[in-house]
Amino acid sequence: MPVYDAIIVGAGFSGLYQLHQLRDQLGLNVLVIEAGDDVGGTWYWNRYPGARCDSESHYYSYSFSKALQQEWRWSERYPEHSEIRRYLGHVADRFDLRRNIRLNTRVTAARWDDAGNAWRIDTDSHGSLTATFFITAVGCLSAANIPQIPGLDAFAGQWVHTGRWPQAGVDFTGKRVGLIGTGSTGIQAAPVIAAQAAHLTVFQRTANYSIPSRNRPLGDEEWHAIQESYDAIREKARASTNGHPFDVSETSALDVDPEERARRYERAWETGGLRFRATFSDLLKNLDANATASDFIRGKIAGIVRDPVTAAALTPLDHPFASKRPPIDTNYFETFNRDNVALVDLKAAPIERIEAGGIRTADRLYELDIIVFATGFDALTGPLLALNISGADGHGLRDDWAAGPRSYLGLQTPHYPNMFTITGPGSPSVLTNMPVAIEQHTQWITACIAHMRAQGLHRIETTEAEAEAWVAHVNEAAHATLLPLANSSWYLGANVPGKPRVFMPYAGGMAHYAGICDDVARDGYRGFTLSHAVQTG
Ligand code: NA7
């Protein structure tokens with residue numbers, strides 16, 4: 001008999017809520033395993049300067065408890081990492097979750113035992129544990145991508161990756177800092193580091209678009225208005241494409257004259273945030289429409305950055321706006337007007353190696369005391385593959401996903417019975433405001449397990465045919481958008497050398513996806529085989 005009904009890996013937004021549901025709604029015996037020394041998931045690890053969510057705080061939160069929603073007061077439009085950690089800590093305390101969470105414990109392997117109809121989970125510090133259900137809540141952006149640059153070991157200074165930021169922080173005072181990477185992370189970190197360091201050199205491989213976040217404190221009046229309309233806000237988020245509760249314009253960027261278009265972009269630029277993408281209906285679908293937004297942002301960069309050579313190097317030309325995850329910022333482009341900041345264009349002179357004294361590009365040596373890698377993550381698949389999962393009939397996830405992730409609805413992979421993945425590849429995940437996707441997935445999994453228990457069923461699995469059809473649909477949904485056009489996007493796995501180039505998240509829209517999952521459940525879990533015991537053959 002397995003010791004636990006369910007083992008969940010990860011104590012971030014997903015793991016905490018999944019634990020609450022399985023334990024407190026279904027009465028299951030559940031354990032959460034967490035590598036960090038506290039809850040928080042992504043926000044436990046990402047403590048770099050400027051780390052802030054780019055969903056707005058009042059809807060980057062759980063909706064399942066109205067009491068929680070009313071009692072928690074967010075302080076700013078966008079929550080800073082420490083505030084999100086405090087929120088998740090509060091959730092863990094409020095729902096008495098900590099007693100079922102084993103911290104400082106890393107999963108080293110997970111194996112399906114067909115005869116025992118159970119998962120055996122090996123850990124680095126608590127031996128092997130068994131459970132009927134194995135639920136991965138490991139996040140999409142938790143496996144740090146540290147590029148293999150020759151000579152890193154020889155560096156005489158300190159180096160850090162933003163996704164594994166030291167808890168004690170990093171003191172940049174009086175230091176010469178090199179920052180590699182200009183994704184959301186580098187763009188958030190650069191202005192804050194520049195304000196503290198003696199000098200900051202930003203090493204840019206691909207110039208990026210960025211929209212001002214217009215972050216600000218949330219005043220009482222605004223907060224009360226939010227609290228009063230929370231139900232409507234949540235409903236709107238769930239009914240949307242991206243899990244954000246704002247309206248997407250129904251007008252094509254090509255159906256208004258240039259003056260009106262510019263006025264609307266100006267307004268959206270002043271409002272700030274990811275909703276800039278919603279200025280027109282077709283920015284993510286039509287290349288000509290997108291070009292109007294891309295050009296507008298290029299114009300802004302040219303207007304903000306005083307040195308024309310730097311401005312030109314910062315101007316993104318090789319991909320359409322928002323085909324990569326669009327960052328939002330506080331004074332990113334303005335930072336390059338500071339005397340203590342320099343931009344290095346790696347397209348012109350790539351990094352050759354790291355030496356004791358700093359980073360050497362094809363041009364010269366940049367002398368540095370600290371190197372910050374804002375080089376992103378082995379996204380979506382990396383955290384799952386790190387669990388060393390083996391399934392039924394000798395299957396191993398690393399081999400099964402060698403050509404790209406394969407799943408049915410992003411929830412289950414064939415040959416891995418009773419294993420569920422929260423916000424994994426093949427689900428909307430990173431294309432949404434994450435808590436919306438997380439609540440939908442965990443609620444679906446909870447209902448599925450409740451159904452199995454009510455029917456006396458112990459095993460659920462999907463088939464190769466279902467996975468093949470779903471992977472094809474994920475691909476088709478991506479190609480209905482401009483998202484696959486960014487060559488170096490982590491959505492495609494293109495940021496990690498050797499990773500298969502497959503568009504991983506489901507781009508068909510959050511509400512549409514939730515509808516599919518609901519239909520599948522209503523049809524008796526169509527595409528899944530639910531059974532009493534071990535299946536043979
Ligand atoms: P991203 O978006 O993957 O950005 C990583 C950045 O690091 C990007 O500019 C990369 O350039 C750069 N990079 C990666 N490897 C190298 C090497 N070897 N040399 C130079 N530059 C490199 O990660 P983030 O952490 O910024 O953001 C991840 C998500 O977190 C974000 O999208 C939000 O959803 C939250 P490239 O573009 O590949 O040329």
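Since we're looking at a predicted model, the values are computed, not measured. Atoms within each ligand, like the ligands themselves, are counted from 1 in listed order.
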So, Y62 versus H20, ring centres under 6.0 angstrom or not?
no

Nitrogen or oxygen of T162 less than 3.5 angstrom from that of ligand 1
no

Classify the ring geometry between Y230 and W223 as parallel (under 30°), tilted (30 to 60°) or perpendicular (over 60°).
perpendicular

D54 N/O to ligand 1 N/O under 3.5 Å:
no

F13 and Y60: aromatic ring centres closer than 6.0 Å?
yes

Would you check whether Q148 reaches within less than 4.0 Å of ligand 1, judged by its heavy atoms?
no

Tell me, please: is F377 in heavy-atom contact with ligand 1, that is, under 4.0 Å?
yes

Return yes or no for this condition: an N or O of S184 is under 3.5 Å from an N or O of ligand 1.
yes

Checking salt bridge (charged side-chain N to carboxylate O under 4.0 Å, His left out) between R52 and each of E83, E76, E80, which is the one that passes?
E76

Judged on heavy-atom distance to atom 11 (O) of ligand 1, which of R325, M434, R205 sits nearest?
R205

Students should be able to answer this: which protein heavy-atom is nearest to atom 21 (N) of ligand 1, and at what distance?
I180 CG2, 3.6 Å

Qualifying residue for ring-ring contact (aromatic ring centres under 6.0 Å, His included) with F321, from F280, Y209, F296:
Y209

When the ring planes of Y506 and H473 are compared, do they come out parallel, tilted or perpendicular, using 30° and 60° as the limits?
tilted

Is the closest heavy atom of I351 to ligand 1 under 4.0 Å?
no

Does ligand 1 have an atom that lies less than 4.0 angstrom from a heavy atom of V430?
no

Are any of the N/O atoms on A374, whether in the backbone or the side chain, positioned under 3.5 angstrom from an N/O atom of ligand 1?
yes

Taking the six-membered ring for Trp, are the ring centroids of Y87 and W72 within less than 6.0 Å of each other?
yes

